Trainee: 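Here it is, the structure, as structure tokens.
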Protein chains: 2
Amino acid sequence: MRRGNPWICKRMREEGMRMTQARAIILNIFAGNQGEHFSAQEIFFIAHRINPGIGFATVYRTLDLLAQMGIIQKLEFGDGLTRYEMTEAMENVPHHHHLVCTECGKVIDYTEFTDEEKELFAKVEKELSEKYKFKIKNHIIQFCGICNNCGERR
Amino acid sequence: MRRGNPWICKRMREEGMRMTQARAIILNIFAGNQGEHFSAQEIFFIAHRINPGIGFATVYRTLDLLAQMGIIQKLEFGDGLTRYEMTEAMENVPHHHHLVCTECGKVIDYTEFTDEEKELFAKVEKELSEKYKFKIKNHIIQFCGICNNCGERR
DNA sequence: TGCATTATTGATAATAATTATCATTTTTAT
DNA sequence: ATAAAAATGATAATTATTATCAATAATGCA
């Protein structure tokens, strides 16, 4: 049976890995909810509704795997949960960053100003990778502060 | 007894908090090692050498407190440990960002190109805080990739 | 299509970082 | 010096993540 994005299937095949039901389901969750950042728990519950056989360990393993492959990206907003979202390397994922409220944990995605950012970061990435012999795969940009709601509650 | 940075003492006093021995020791560790990012464990061991009475819970509590006050900043590099470093709001802390190896966890600080970054980010922060009514306190910028060592080992 | 090989899975136990509890100790203002 | 309240340390509790291992499912090939 062939499932999910053929490009990803191919890449897995090439490295001796298999495109399994669990992996396809988890990939679909990300593909169908671009711009959302899921914790392992959230992925588990959604996946579990689709196929109740899926276990927690598989979710963690799959998230690790997809992150290693550069398909999803690890994010940490400071609330103790690791979250994941599709990388910009994937189709249809717009360049965006995050605004994180350090009080309530709320996360806002923003896409403004990113053309300028994009240019600057492309330049910085190039120079840094040369200077430090570092192969840069992605970047994380977060603005931390207090959101509207939390700010008013004082 | 008066201890540590007078400005910080004052701020604590104003909010009904006290400048204690433990807090002064932990503050000194950060002040004396700018640009380093410490995990709670590391802070515990260093503080413990200075005053073996200090307990783990106090370290966690103090780190939380200093982060709330904007004196230190929480960082997560994806290895499961939360780390902290002095914020740029503090004296003598240069503007810098991080290069994180997703393979071995190595972190390189860099300070290049940050003048341009600084300008752009000042602008972005201003616009974002207006648009989203968000009071921005700091930002986190990380480039993730594979370091020299890990890249060669294949 | 059926079969053998082997990656993957699910259930569960183990690990490890962080948080909560509470009696005791320190700090501070008076 | 003392009373009031904040902070501490020891430890238990919580919780996210990782490791283990027998059972299962995916793949390549006949």
Side-chain angles (χ1 to χ4, degrees), chain A residues 1-4 6 8-27 37-45 47-48 50-69 72 74-84 102 105, chain B residues 1-4 6 8-27 37-45 47-48 50-69 72 74-84 102 105:
Chain A
M1 197 201 310
R2 177 140 312 158
R3 278 175 294 225
I8 296 176
C9 282
K10 184 154 162 289
R11 276 198 54 196
M12 286 196 171
R13 208 81 52 66
E14 282 167 3
E15 305 195 36
M17 294 184 291
R18 295 166 183 184
M19 174 54 73
T20 66
Q21 226 184 91
R23 288 173 185 174
I25 288 173
I26 292 174
L27 273 166
H37 0 79
F38 296 104
S39 66
Q41 310 236 13
E42 288 166 344
I43 291 290
F44 172 77
F45 286 120
H48 201 260
I50 298 170
N51 176 347
I54 288 179
F56 238 108
T58 299
V59 169
Y60 276 106
R61 278 183 295 227
T62 304
L63 293 174
D64 260 15
L65 179 71
L66 298 179
Q68 279 300 321
M69 291 178 71
I72 61 177
K74 240 178 161 174
L75 295 171
E76 301 179 86
F77 297 133
D79 66 348
L81 294 195
T82 301
R83 288 160 204 281
Y84 299 85
T102 53
Chain B
M1 198 202 309
R2 179 137 314 158
R3 278 175 292 226
I8 296 176
C9 282
K10 185 154 162 288
R11 277 198 54 196
M12 287 195 171
R13 208 79 55 63
E14 282 167 2
E15 305 196 34
M17 295 184 291
R18 294 166 182 181
M19 175 55 74
T20 65
Q21 226 184 91
R23 289 173 184 174
I25 289 174
I26 291 173
L27 272 166
H37 0 79
F38 296 104
S39 66
Q41 309 238 11
E42 287 165 345
I43 291 289
F44 172 77
F45 287 119
H48 201 260
I50 298 169
N51 176 348
I54 288 179
F56 238 109
T58 299
V59 170
Y60 276 105
R61 277 183 297 230
T62 304
L63 293 175
D64 259 15
L65 179 72
L66 298 179
Q68 278 300 320
M69 292 178 70
I72 61 177
K74 241 179 161 172
L75 295 171
E76 301 180 85
F77 297 132
D79 66 348
L81 293 194
T82 301
R83 288 160 204 282
Y84 300 84
T102 54

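Remember, it's a predicted structure, so these values are computed and weren't measured experimentally. Chain identifiers are assigned alphabetically (A, B, ...) following the order of the sequence lines, protein sequences preceding nucleic acid strands; residue numbering begins at 1 within each chain.
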Trainee: Distance check needed: D:dA16 P versus A:E76 CD, whole Å only.
Mentor: 14 Å
Trainee: Can you tell me the distance, in whole Å, between the CD1 atom of A:I25 and the C1' atom of D:dA25?
Mentor: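 Rounding to the nearest Å, CD1 of A:I25 and C1' of D:dA25 are 14 Å apart.
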Trainee: Hey, what bend do you get for the helix from C:dT1-D:dA30 to C:dT30-D:dA1 if you fit axes on five pairs at each end, rounded to 10°?
Mentor: 50°
Trainee: Could you tell me how far apart A:D79 (CG) and D:dT15 (C1') are, to the nearest whole angstrom?
Mentor: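 Whole-Å distance recorded here is 13 Å.
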Trainee: Between C1' on D:dT18 and NZ on A:K74, what's the gap in Å once rounded to a whole number?
Mentor: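 In whole Å, D:dT18 C1' and A:K74 NZ are 12 Å from each other.
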Trainee: Would you call A:K74 and A:Y84 a side-chain contact if the rule is heavy atoms closer than 4.5 Å?
Mentor: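 Side-chain contact under 4.5 Å: yes.
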Trainee: Mind checking the NE2-CD1 spacing from A:H37 to A:I72? Nearest 0.5 Å is all I need.
Mentor: 13.5 Å
Trainee: For B:T82, report the nucleic acid contact type (base, sugar-phosphate, nothing); a contact means any heavy atom under 4.0 Å.
Mentor: sugar-phosphate
Trainee: Going by the rule ring-ring contact (aromatic ring centres under 6.0 Å, His included), which residues pair with A:F38 if we only count those two or more places apart in sequence or in a different chain?
Mentor: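 ring-ring contact (aromatic ring centres under 6.0 Å, His included) check on A:F38 returns A:F30.
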Trainee: Among residues at least two apart in sequence or on other chains, which ones pass side-chain hydrogen bond (donor to acceptor under 3.5 Å, both in side chains) with A:R83?
Mentor: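 Listed in chain order: A:D79.
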Trainee: Please tell me if A:Y60 has a side-chain N or O lying less than 4.0 Å from either OP1 or OP2 of D:dT18.
Mentor: no
Trainee: Could you pull out all donor-acceptor pairs under 3.5 Å where a side-chain atom in residues 53-62 of chain A meets a protein atom, sequence neighbours excluded?
Mentor:
from, atom 1, to, atom 2, distance (Å)
A:T58, OG1, A:R61, NH2, 3.4
A:T62, OG1, A:T58, O, 2.7

Trainee: Let me have a per-nucleotide readout for nucleotides 3-14 of chain D, 5' to 3', with B, S or -, counting only protein heavy atoms under 4.0 Å.
Mentor: --BBSBBB----
Trainee: Quick one: list whatever passes side-chain hydrogen bond (donor to acceptor under 3.5 Å, both in side chains) with B:E15, sequence neighbours left out.
Mentor: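 Expected list: none.
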Trainee: What residues form a side-chain hydrogen bond (donor to acceptor under 3.5 Å, both in side chains) with A:D64, not counting sequence neighbours?
Mentor: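 With neighbours one apart ignored, the set is empty.
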Trainee: Rounded to the Å, how far apart are B:L63 CG and C:dT19 P?
Mentor: 10 Å
Trainee: Between B:R18 and B:R13, is any pair of side-chain heavy atoms under 4.5 Å apart?
Mentor: no
